[in-house]
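Report on the structure given below.
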Amino acid sequence: MSPLGNIIRKEVKELLTPATFLPIVIMAIVFGSMGNAIGGIEEEMKEKPVIGLINVDNDRFSTLATSILNENAEVVFNSSDIMDKQKGLETLREENGVALIVIQKNFTENILKGVPGEFEVYWVMKGAGIMDSISSSIVEDLISLVNTNITKELISTNTSVNATTALTPTFRNETTYFKGKELHGLSPSVISSILSSQSTLVPIIMMMIIIVSGGMVISSMALEKENKTLETLLTLPVKRTSIVAGKIIASAIIGLFLAVIYMLGLGYWMQSMQVTSNVNLADYNLVLSGGDLLLIGLSVFVTLLAALSLCMLLGTFARNYKSAQTLTFPVTLLALLPMFMIMFKDFDTMPLVVKVLLFCIPFSHPMMAPRALLFGDYPLVVSGIVYVSIFALIMISLSVWVFKTDRIITGSTNRFKK
Amino acid sequence: MSVVEVKDLVKKFGSVEAVKGISFTIDKGEIFGLIGPNGAGKTTTLRIISTLLTATSGSVKISGFDLHKNPGEIRKIISYLPEDAGVYKNLTGRGYLEFIANFFNTKQTRDMVSKGIEIADLGERINDRVDTYSKGMKRRLLVGRTLMTNPKLAILDEPTSGLDVINAQEIRRIIKNTTQGGTTVLLSSHNMLEVEFLCDRIALIDDGLIVEEGKPRVLMEKYHASNIEEVFTRVVG
């Protein structure tokens, strides 16, 4: 073999390791999952939204509106009596509908007088994830389509209404029902926008803390082995629990410090990207109390502890710095998965299997906690804290146990090492 | 009085039996050498005695403490120098000695570090980062670290491995002096000259078994050999 071929063969052998391929395979799986999710969005966008309709007006423009809505949506409730509003909402909830649209009396007459006609829209909002708000966006588009058609009608029939009403012939009076709360004057899109900071910022920051701190713990163990300092450390008069705790606490401090820096930068970036909202959340009782913040802090703390103790356990299997890189990927995946899931779907609107999966991933709990507490879902948050605490305790115990066995030195109880 | 009592020590790694029931004792202030070829079970034995590995069967007592029952107590009175030990590269030589001393009696930390610095004998370089040290300097720092704690038992695995003649001689001199302070030394080595110079007693280990044990001079007489290398070849070969 030529010298060049010899070098190429050696380099290829050296690079053909799980550490090289795992990241690519995992990223391919993540992108594939994202592709599927986006495909799901497209599918959902093609589906007709389920709505209820009460046409009290029964005149020229309201008939035009109902015909457009009937054609483009699946209308599960139809009435002309304003008293049927409650019944309509019940039907909508049973049929998993999105909105009950009430066309008020004098709708047509008002438009013809130059006063915008009123759509009373009662939204049934199921979740604040990207996929949850698709059907409400379609209904908003349908109402815009109705507006466009009324405008066309007004112009084509040379009706003498003012230009403003001709261009914007209707307005919406909205009420949204979301997680047991009745929010007047807010549409699902506005609520989603307000909650987007919780649905994107918190999961991203949590993911970063876990990946950065977890990587540090695994690398620390790997470096102890690679630099041959572990054997000395293990023969010093220090408890195994102190070694495990020391490594976890140090990484947690650095991880939190880095997270604060990251959060500041990302927070400013997100603020600049968001449309300024005039909505005061306190008016809707959508604020986190001191107790809520304490629960979020506790959730973050136990999750960080769980993540780092899992990483410590994984780190005991690291032979050197290179193998440590491979071992960080299961943790990265476990941090990325809930982040994407929570961004796309609300916990309440997920299928049961996915809910169980999400609950079992310890890192998902602080990602879900802010939104859950905002809507008073204390059982989810508290049970999450309890579960993650138990998980952390098991991981720490396992790590200490590994530190007390030959595995920490030999890498395996069955492996011969002189 | 025996500081170390090893009785019928066995260590298995799955189906492989690395140590097959060895027994020996080491008296206070004695330098005891484990001599044997690669894979004979020397390092495994030292790792068990230094609490790193658990024995499959048999017993080890150090200063009366049972290894299985009181590993924590044993760690307070031993000091282990692995063959290929490393040092935290981001620390200075002094910082490393202080880091180790902090695990022991806090009242004597300063004295311990001073002793470590004296043994390592690195001059002003003790304040430099370890990653700027040569191999010999690192090993001297590690020997300083091992002996500065005044251990009742110093366990040294190939203490002069990979060192040049000057550094090796210096480390041998340090080890020899250590026993005058009451420290007992258990070491393993491939270097027969080193063993002959340092050890009061030696045990020849082969394939997990002690095949011969005694004072170097007595063994040389017994096997009509002019040095330990010849004894070793006659016993093991």
Side-chain angles (χ1 to χ4, degrees), chain A residues 215-247 249-251 253-254 257 315-324 398-418, chain B residues 11-19 36-56 71-91 96 99-105 130-131 138 142 145-146 149 151 155 157 208:
Chain A
M216 279 192 284
V217 168
I218 297 178
S219 303
S220 156
M221 278 306 300
L223 284 172
E224 288 270 13
K225 288 188 179 179
E226 193 168 284
N227 294 336
K228 312 280 183 192
T229 50
L230 186 66
E231 287 188 26
T232 303
L233 189 64
L234 292 173
T235 56
L236 292 170
V238 54
K239 287 181 180 170
R240 301 313 201 229
T241 40
S242 300
I243 298 174
V244 172
K247 285 187 177 291
I249 292 166
S251 303
I253 291 168
I254 304 294
F257 179 67
T316 60
F317 296 98
R319 290 187 308 278
N320 48 40
Y321 193 75
K322 199 174 177 184
S323 69
L398 280 174
S399 302
V400 173
W401 174 76
V402 172
F403 263 79
K404 285 180 177 173
T405 64
D406 293 357
R407 185 180 286 268
I408 192 76
I409 297 295
T410 61
S412 159
T413 46
N414 295 322
R415 209 163 112 203
F416 176 78
K417 200 143 187 171
K418 186 178 77 85
Chain B
K11 179 63 187 176
K12 289 180 183 173
F13 295 99
S15 57
V16 180
E17 202 171 12
V19 178
N38 291 333
K42 303 186 300 290
T43 299
T44 302
T45 306
L46 297 193
R47 280 176 164 179
I48 292 169
I49 295 170
S50 59
T51 76
L52 279 173
L53 295 178
T54 51
T56 307
E73 289 302 317
I74 286 174
R75 283 182 201 121
K76 288 178 189 169
I77 56 170
I78 64 160
S79 200
Y80 176 51
L81 176 65
E83 182 184 356
D84 50 359
V87 190
Y88 297 106
K89 290 173 185 167
N90 58 327
L91 296 178
Y96 176 66
F99 169 72
I100 298 294
N102 282 331
F103 288 111
F104 293 84
N105 191 340
V130 171
D131 54 4
K138 276 182 198 161
L142 283 162
R145 185 273 295 166
T146 310
T149 60
I155 304 159
D157 195 357

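We name chains A, B, ... by the order of the sequence lines, and we start the count at 1 in each one. All values derive from a computational prediction rather than experimental measurement.
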Portion of A/Leu223 that has a non-hydrogen atom of chain B nearer than 4.5 angstrom: neither
A/Leu236 side chain near B/Phe104 side chain, heavy-atom distance below 4.5 Å: yes
Interatomic distance, A/Asp406 atom CG to B/Phe13 atom CZ [nearest 0.5 angstrom]: 6.0 Å
Pairwise distance CZ(B/Arg47) to OG1(A/Thr410) - rounded to 0.5 angstrom: 8.5 Å
Test item: A/Glu231 and B/Asp157 side chains (from C-beta on) under 4.5 Å apart, heavy atoms: no
Flag side-chain contact, heavy atom, 4.5 Å: B/Tyr88 against A/Thr232: no
Side-chain heavy atoms of A/Thr405 within contact of B/Thr54, under 4.5 Å: no
Atom pair OG1/CZ of A/Thr235 and B/Phe103 - distance to nearest 0.5 Å: 10.0 Å
Separation of A/Thr229 OG1 from B/Lys89 NZ (nearest 0.5 Å): 9.5 Å
Proximal component of A/Glu224, with respect to chain B [non-hydrogen, under 4.5 Å]: side chain
Gap separating the OG1 atom of B/Thr44 from the CD1 atom of A/Ile409, nearest 0.5 angstrom: 11.5 Å
Spacing of NZ belonging to A/Lys239 relative to CZ belonging to B/Arg75, to within rounding of 0.5 Å: 11.5 Å
